[in-house]
Amino acid sequence: FGSSPSAVANCTPAWESAMQLFVRGPGGSVPLTVDAGTTVGALKSQFALASGVEVDTLTYAGAVLADEASLGCLAIGDEATLWASQSLLGGGKKRKKKTY
């Protein structure tokens with residue numbers, strides 16, 4: 001879904017008019033009205049203003065959407081649900097406690 005910049009630049013939007021998308025995040029689902037020229041990064045900003053929660057990634061159909069991709073080029077239909085997620089802290093290797 002729009003991971004390469006060359007694929008994003010050579011795309012024609014699948015739809016032209018405004019449409020409603022639902023972005024489901026940590027605070028619940030938020031309806032947003034967007035047009036074909038809106039980028040994923042702009043949609044993240046719009047979601048942050050509406051919900052008060054900053055997100056790191058947007059996912060649709062199991063694929064992470066690139067920030068520079070245009071929504072019209074990603075084949076996302078009207079009233080689709082995108083998933084917003086934040087990055088998690090941690091992930092470091094746990095130290096084994098030595099017992100003598």
Side-chain angles (χ1 to χ4, degrees):
F1 280 116
S3 59
S4 73
S6 62
V8 172
N10 297 331
C11 127
T12 53
W15 43 271
E16 295 295 329
S17 64
M19 68 186 299
Q20 186 175 27
L21 297 177
F22 298 96
V23 181
R24 176 165 252 171
S29 185
V30 176
L32 299 172
T33 304
V34 296
D35 61 348
T38 305
T39 62
V40 174
L43 183 64
K44 280 196 227 178
S45 300
Q46 193 175 357
F47 175 75
L49 288 174
S51 68
V53 178
E54 290 286 332
V55 295
D56 294 322
T57 58
L58 282 178
T59 308
Y60 178 70
V64 176
L65 305 178
D67 283 347
E68 59 276 346
S70 172
L71 292 174
C73 299
L74 296 175
I76 297 173
D78 191 22
E79 297 183 355
T81 301
L82 286 81
W83 296 86
S85 60
Q86 297 173 318
S87 63
L88 299 175
L89 298 176
K93 199 170 189 178
K94 296 192 181 204
R95 292 182 52 183
K96 193 172 187 180
K97 185 176 180 182
K98 292 185 180 184
T99 56
Y100 294 101

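It should be emphasised that the depicted structure is a prediction, and the values quoted were computed from it without experimental measurement.
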Quick one: salt bridge (Lys or Arg N to Asp or Glu O under 4.0 Å) partners of D67, sequence neighbours excluded?
K44

For the residue pair L58 and V23, establish whether any side-chain heavy-atom pair is separated by less than 4.5 Å.
yes

A36 versus S70, closest heavy-atom pair with distance:
O-OG, 2.7 Å

Between the main-chain N or O of G41 and the side-chain N or O of S45, is there a donor-acceptor pair closer than 3.5 Å?
yes

Partners meeting side-chain hydrogen bond (donor to acceptor under 3.5 Å, both in side chains) with S87 (sequence neighbours left out):
D56

I want to check something: taking the side chain as every heavy atom from C-beta on, are M19 and T33 in contact at a cut-off of under 4.5 Å?
no

Side chain to side chain contact (heavy atoms under 4.5 Å, CB included) partners for E54, two or more places apart:
A48

Mind checking whether E68 and V40 have side chains closer than 4.5 Å, heavy atoms only?
no

Give every residue pair that meets the salt bridge (charged side-chain N to carboxylate O under 4.0 Å, His left out) criterion with at least one member in residues 77-90, sequence neighbours excluded.
none

Sorted by chain and residue number, the side chain to side chain contact (heavy atoms under 4.5 Å, CB included) partners of T81 (sequence neighbours excluded) come out as F22, R24, W83

For S51, check side-chain hydrogen bond (donor to acceptor under 3.5 Å, both in side chains) against everything at least two apart and list the hits.
none

Return the minimal non-hydrogen interatomic distance between F47 and A84, and the atom names on each side.
CE2-CB, 4.1 Å

Does some side-chain heavy atom of L82 sit less than 4.5 Å from a side-chain heavy atom of L43?
yes

Please enumerate all residues that pass side-chain hydrogen bond (donor to acceptor under 3.5 Å, both in side chains) together with T59, with sequence neighbours excluded.
none

Give the minimum heavy-atom separation between Q86 and V55, together with the two atoms involved.
CG-CA, 4.3 Å

side-chain hydrogen bond (donor to acceptor under 3.5 Å, both in side chains) partners of T57, counting only residues at least two apart:
S85

Looking only at heavy atoms, what is the nearest atom pair of G77 and L21, with distance?
O-CD2, 3.6 Å

